[in-house]
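All figures in this text were calculated on a predicted structure; none of them were measured in a lab. In what follows, every heavy atom counts, from backbone to side chain, and hydrogens, waters and symmetry copies are set aside.
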Amino acid sequence: NTLIGGTTQSRDFPVSDNAIQSQHGGASDAFILRFTQTSGEQNYGSFLGGNDHDSLQSIAVTENNHLYLAGYTRSKDFPVNHPLQTSHQGSLDGFLLKLENLQLTYGTLYGGSSNDLIYSVAAENSSQDALIAGSSASSELGIQPALQSELAGLLDGFITRIASTD
């Protein structure tokens, strides 16, 4: 299968009957599409988002075909499931979602009081942990232990591991 993700403002986007979210939620929504490898036909599509701007930036696939999706959101009602962070904290917060069999099994926001964006995700196959990287303007992002524990500029990069919920 081939996966494509991104951001759309389309209200008639090709979603599947079994989509996580079948309706467009806000100004822009993140999306994921899956196509068969042999025919190239779409066999899955879903919106992902809340009532404002949502952007999918990265997809990682584990060896057992679990999907990690990462990006950022301005939506105060972004869908979470067993979250590390339950509520939206800043203007923009990062998000990390885990899908098993195309069903949302884990979803969390990630951010402090300012703009925090996740640009990349990688999955560690042995532990099923997610490794995320992005940028932060928040002084209280809370990464521990940290090589750099305080914000050193207007915008700093971060890399952190989110332990698997399996």
Side-chain angles (χ1 to χ4, degrees), residues 3 5-9 15 18-32 44-62 64-124 127-151 154-166:
L3 297 168
T7 306
T8 184
Q9 295 178 337
V15 296
N18 62 337
I20 294 169
Q21 180 180 331
S22 60
Q23 298 294 315
H24 191 274
S28 63
D29 277 349
F31 72 85
I32 185 170
Y44 183 78
S46 183
F47 290 114
L48 303 160
N51 62 6
D52 207 331
H53 293 282
D54 311 295
S55 181
L56 178 62
Q57 297 292 303
S58 184
I59 301 172
V61 183
T62 67
N64 56 2
N65 290 319
H66 295 169
L67 306 178
Y68 283 98
L69 312 175
Y72 53 88
T73 181
R74 190 178 299 274
S75 296
K76 304 289 186 206
D77 63 340
F78 192 86
V80 295
N81 188 17
H82 307 294
L84 193 69
Q85 178 180 320
T86 57
S87 62
H88 199 280
Q89 302 294 315
S91 179
L92 290 168
D93 276 358
F95 68 78
L96 175 66
L97 306 175
K98 182 178 182 184
L99 278 60
E100 296 178 21
N101 298 317
L102 300 175
Q103 297 300 309
L104 181 64
T105 59
Y106 175 77
T108 192
L109 297 169
Y110 189 80
S113 61
S114 194
N115 291 336
D116 306 294
L117 293 77
I118 300 173
Y119 295 116
S120 184
V121 63
E124 189 175 81
S127 66
Q128 297 292 301
D129 291 352
L131 305 168
I132 57 173
S135 64
S136 175
S138 296
S139 60
E140 75 295 341
L141 194 56
I143 298 173
Q144 296 296 328
L147 294 174
Q148 175 185 317
S149 59
E150 296 179 11
L151 194 63
L154 295 177
L155 190 65
D156 284 359
F158 69 85
I159 301 170
T160 194
R161 175 186 304 266
I162 306 291
S164 174
T165 58
D166 287 345

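For Ser58, the side-chain contact (heavy atoms from CB on, under 4.5 Å) partners at least two apart in sequence or on another chain are Ser120, Val121. Scanning for ring-ring contact (aromatic ring centres under 6.0 Å, His included) contacts around Phe78 gives Phe95, with sequence neighbours left out. For Ser114, the side-chain contact (heavy atoms from CB on, under 4.5 Å) test picks out Ala137, Ser138, with sequence neighbours left out. With sequence neighbours left out, the ring-ring contact (aromatic ring centres under 6.0 Å, His included) criterion links His88 to no other residue. For Glu124, the side-chain hydrogen bond (donor to acceptor under 3.5 Å, both in side chains) partners two or more places apart in sequence, or in a different chain, are Ser127, Arg161. Here Thr8 pairs with nothing under the side-chain hydrogen bond (donor to acceptor under 3.5 Å, both in side chains) rule; sequence neighbours left out. With sequence neighbours excluded, the residues that form a side-chain contact (heavy atoms from CB on, under 4.5 Å) with Asn65 are Val61. Partners of Thr7 by side-chain hydrogen bond (donor to acceptor under 3.5 Å, both in side chains), not counting sequence neighbours, listed by chain and number: Ser55. Residues passing the side-chain contact (heavy atoms from CB on, under 4.5 Å) test with Gln85, sequence neighbours excluded: Gln89, Asp93, Thr108, Leu109.
For the residue pair Asp116 and Ser136, a side-chain donor N or O sits within less than 3.5 Å of a side-chain acceptor on the partner.
How far CD of Gln57 is from OH of Tyr119: 7.0 Å, rounded to the nearest 0.5 Å. Going from atom CG of Leu99 over to atom OG1 of Thr105 covers 6.5 Å, rounded to the nearest 0.5 Å. Atom CG of Asp29 sits about 10.0 Å away from atom CD of Gln9, to the nearest 0.5 Å. To the nearest 0.5 Å, atoms CG (Asp77) and CG (Asp54) are separated by 8.0 Å. How far CG of Asp156 is from OG of Ser139: 10.5 Å, rounded to the nearest 0.5 Å.
Put simply, the side chain of Leu67 reaches to within 4.5 Å of the side chain of Leu102, judged on heavy atoms. In this structure the side chain of Val15 reaches within 4.5 angstrom of the side chain of Phe47, judged on heavy atoms. Annotation: side chain of Asn64 is in contact with side chain of Gln128 (closest heavy-atom distance under 4.5 Å). Put simply, the side chain of Ile32 does not reach to within 4.5 Å of the side chain of Ile20, judged on heavy atoms. Between Tyr68 and Leu96, the closest side-chain pair of non-hydrogen atoms falls below 4.5 Å.
For residues 64-73, no residue pair satisfies the salt bridge (Lys or Arg N to Asp or Glu O under 4.0 Å) rule, not counting sequence neighbours.
The two residues Ala60 and Ala123 come nearest to each other via the heavy atoms CB-N, 3.8 Å. For Ala27 against His53, the heavy-atom pair with the smallest separation is CB-CE1, 3.3 Å. In plain terms, the two heavy atoms of Thr73 and Ser75 that are nearest each other are OG1-N, 2.8 Å. Contact detail for Gly6 and Leu56: the closest heavy-atom pair is O-CB, 3.4 Å. Residues Gly50 and Pro79 approach most closely at N-CD, 4.4 Å, considering heavy atoms. Looking at every heavy atom in both residues, Asn18 comes nearest to Gln103 through O-NE2, 4.0 Å.
In this structure a side-chain-to-backbone donor-acceptor pair under 3.5 Å is present from Asn115 to Leu92. Side-chain atoms of Gln21 come within 3.5 Å of backbone N or O of Gly49 as a donor-acceptor pair.
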